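Note that the structure is predicted; figures quoted are calculated from it, not measured. We count ligands from 1, going down the list as the structure has it; atoms in each ligand are counted the same way.
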Amino acid sequence: MKTVEMKLASYFAAFASLFLCCGSGTVADLDLDEQALLQFSATVPHGRKLNWSPATPVCTSWVGINCTKDGSRVIALHLPGVGLHGQIPANTLGKLDALMILSLRSNRLSGNLPSDVLSLSTLRYVYLQLNNFSGDIPSSLPPSLDFLDLTFNSLTGNIPTAIQNLTNLTGLNLQNNSLTGPIPNFSLPRLRLLNLSYNHLNGSVPSSFQKFPASSFVGNHICGPPLNQCLTISPSPSPSPTNFPPPTVPENPRRDSHKKLSIGAIIAIGVTGSALVFFLLLILVLSCLKKKRYQGGALTSKVKGGRSEKPKEDFGSEVQEAEKNKLVFFEGCSYNFDLEDLLRASAEVLGKGSYGTTYKAILEEGITVV
Ligand SMILES: *[C@@H]1O[C@H](CO)[C@@H](O)[C@H](O)[C@H]1NC(C)=O
Ligand SMILES: *[C@@H]1O[C@H](CO)[C@@H](O)[C@H](O)[C@H]1NC(C)=O
Ligand SMILES: *[C@@H]1O[C@H](CO)[C@@H](O)[C@H](O)[C@H]1NC(C)=O
Ligand SMILES: *[C@@H]1O[C@H](CO)[C@@H](O)[C@H](O)[C@H]1NC(C)=O
Ligand SMILES: *[C@@H]1O[C@H](CO)[C@@H](O)[C@H](O)[C@H]1NC(C)=O
Ligand SMILES: *[C@@H]1O[C@H](CO)[C@@H](O)[C@H](O)[C@H]1NC(C)=O
Ligand SMILES: *[C@@H]1O[C@H](CO)[C@@H](O)[C@H](O)[C@H]1NC(C)=O
Ligand SMILES: *[C@@H]1O[C@H](CO)[C@@H](O)[C@H](O)[C@H]1NC(C)=O
């Protein structure tokens with residue numbers, strides 16, 4: 001007991017001295033961070049339970065939280081795929097004003113992007129991909145941004161020109177949204193990763209971005225290098241002033257026509273193929289029937305051997321022999337025999353067709369079946 005008390009006392013002393021030497025500011029700041037996080041977890045529904053409790057220390061126990069080395073501020077929030085859904089309310093995460101890393105990817109967050117969070121002047125890495133955020137990208141983003149990933153959301157509007165001010169940006173991923181308008185001519189010297197694919201952007205790729213591969217821009221109404229040449233630019237050689245509407249999808253028209261052609265070809269091949277197969281089958285059936293008719297009664301005596309072999313192949317000697325020997329009768333049938341009876345009976349081949357062989361069997365009771 002004594003030792004525990006002493007330990008507690010020394011902890012308290014250490015805590016007090018920390019408090020005194022560093023000033024009340026840092027602890028108060030961490031306190032505010034904690035409040036902001038608790039507010040966030042209380043208002044945003046999430047699938048998996050977070051272990052965020054006021055009773056445990058934020059920096060060392062809370063899942064998804066990283067602090068500064070001295071444990072005075074929250075600098076990173078990683079909550080990927082924890083089933084967060086709904087909107088991020090203002091004045092929750094937006095109060096984490098030492099935050100550098102924000103990762104809320106692969107959740108079901110919706111509504112506008114949290115503009116107060118995305119204007120935190122310390123923010124460097126933002127991963128909000130694979131949610132359902134809608135609306136515009138905020139027009140003011142912090143110049144500290146290093147990586148911005150907003151892919152696979154439902155964002156609309158233009159690419160904000162303010163991105164030009166993000167001189168430290170090394171990655172910008174905006175693919176698979178619904179962004180419109182032109183691609184601004186940004187000069188971002190550190191940019192290494194760029195993906196604007198699968199939006200509704202139009203115009204051409206500005207000179208500053210032409211060093212990026214075509215796959216950074218596909219799935220838009222964009223033409224010119226590094227993509228295919230624009231269809232709209234190609235001069236109409238026809239002398240007549242046609243009133244065709246301008247092509248609405250200039251990007252990669254070849255692929256489209258190719259697709260249509262191949263679908264047509266597939267249908268044609270399918271139709272001719274099945275017709276051919278059908279005729280072959282018809283000829284086979286007809287020739288078989290003819291043969292049988294000519295050979296007629298000559299076959300009957302030979303059937304016995306074949307007959308006992310055939311069913312054995314079909315109904316192999318497995319455990320559920322009895323089940324297999326059961327025959328299924330149509331409703332209203334009063335017959336009562338099984339496969340064994342059928343095999344014991346004398347039988348003759350009536351004919352062979354495309355569905356198999358037809359036997360005529362006379363059972364012991366004198367019943368004749370086909
Ligand atoms: C965050 O903290 C966890 C442990 O709580 C650690 O494993 C991880 O490396 C830290 N991440 C960063 C970026 O500091
Ligand atoms: C995304 O949000 C839009 C409304 O903004 C809604 O119509 C759509 O169903 C949502 N999609 C998913 C997958 O939740
Ligand atoms: C950009 O990065 C450099 C070094 O990585 C850093 O010194 C500078 O403060 C950053 N700029 C901004 C606006 O954060
Ligand atoms: C870019 O930054 C400059 C000064 O840092 C500022 O005057 C300007 O308004 C910013 N541009 C945008 C679009 O935010
Ligand atoms: C992006 O969106 C486009 C168009 O909706 C789609 O064809 C493509 O498969 C998506 N990309 C991925 C990786 O799912
Ligand atoms: C785009 O920006 C680059 C570099 O800043 C510049 O050289 C070029 O002239 C600009 N192009 C246009 C079309 O504004
Ligand atoms: C891009 O689309 C907008 C409307 O969607 C249109 O006003 C504009 O002229 C288009 N720009 C180009 C270069 O096609
Ligand atoms: C951009 O994203 C699209 C769709 O997710 C992908 O197919 C393409 O390879 C990406 N391009 C680059 C350069 O990352």
Trainee: Just checking, is any N or O donor in the side chain of Ser216 or Asn195 under 3.5 Å from an acceptor N or O on the other one?
Mentor: no
Trainee: If you round to the nearest 0.5 Å, how far is CG of Asp136 from CG of Leu179?
Mentor: 9.0 Å
Trainee: Does the pair Asp97/Arg73 count as a salt bridge with the N-to-O cut at 4.0 Å?
Mentor: yes
Trainee: Is there a polar contact between ligand 8 and Tyr198, counting only N or O atoms under 3.5 Å apart?
Mentor: no
Trainee: Could you list the atoms of ligand 8 found under 4.0 angstrom from a heavy atom of Ser216?
Mentor: 13 (C)
Trainee: Pairing donors with acceptors under 3.5 angstrom, does anything connect the side chains of Asn176 and Thr151?
Mentor: no
Trainee: Which protein residues come within less than 4.0 angstrom of ligand 3, counting heavy atoms only?
Mentor: Pro143, Ser144, Asn168, Arg190
Trainee: Find out whether Pro143 and Asn165 are in side-chain contact, i.e. whether some heavy atom of one side chain is under 4.5 Å from a heavy atom of the other.
Mentor: no
Trainee: Looking at CG of Leu30 and CD of Gln35, how far apart are the two atoms once the value is rounded to the nearest 0.5 Å?
Mentor: 10.0 Å
Trainee: Which of parallel (below 30°), tilted (30 to 60°) and perpendicular (above 60°) describes Phe40 and Trp52?
Mentor: tilted
Trainee: Checking contacts here: is it the side chain or the backbone of Ser215 that comes within 4.0 Å of ligand 8, counting heavy atoms only? Could be both or neither.
Mentor: both
Trainee: Please lay out, stage by stage, how Leu37 and Leu77 fare under the test side chain to side chain contact (heavy atoms under 4.5 Å, CB included).
Mentor: CA-CA 10 Å; Leu37 288 166; Leu77 176 60; 4.2 Å; yes
Trainee: Could you tell me which atoms of ligand 8, counted from 1 in the order shown, lie closer than 4.0 angstrom to a heavy atom of Asn176?
Mentor: 4 (C), 5 (O)
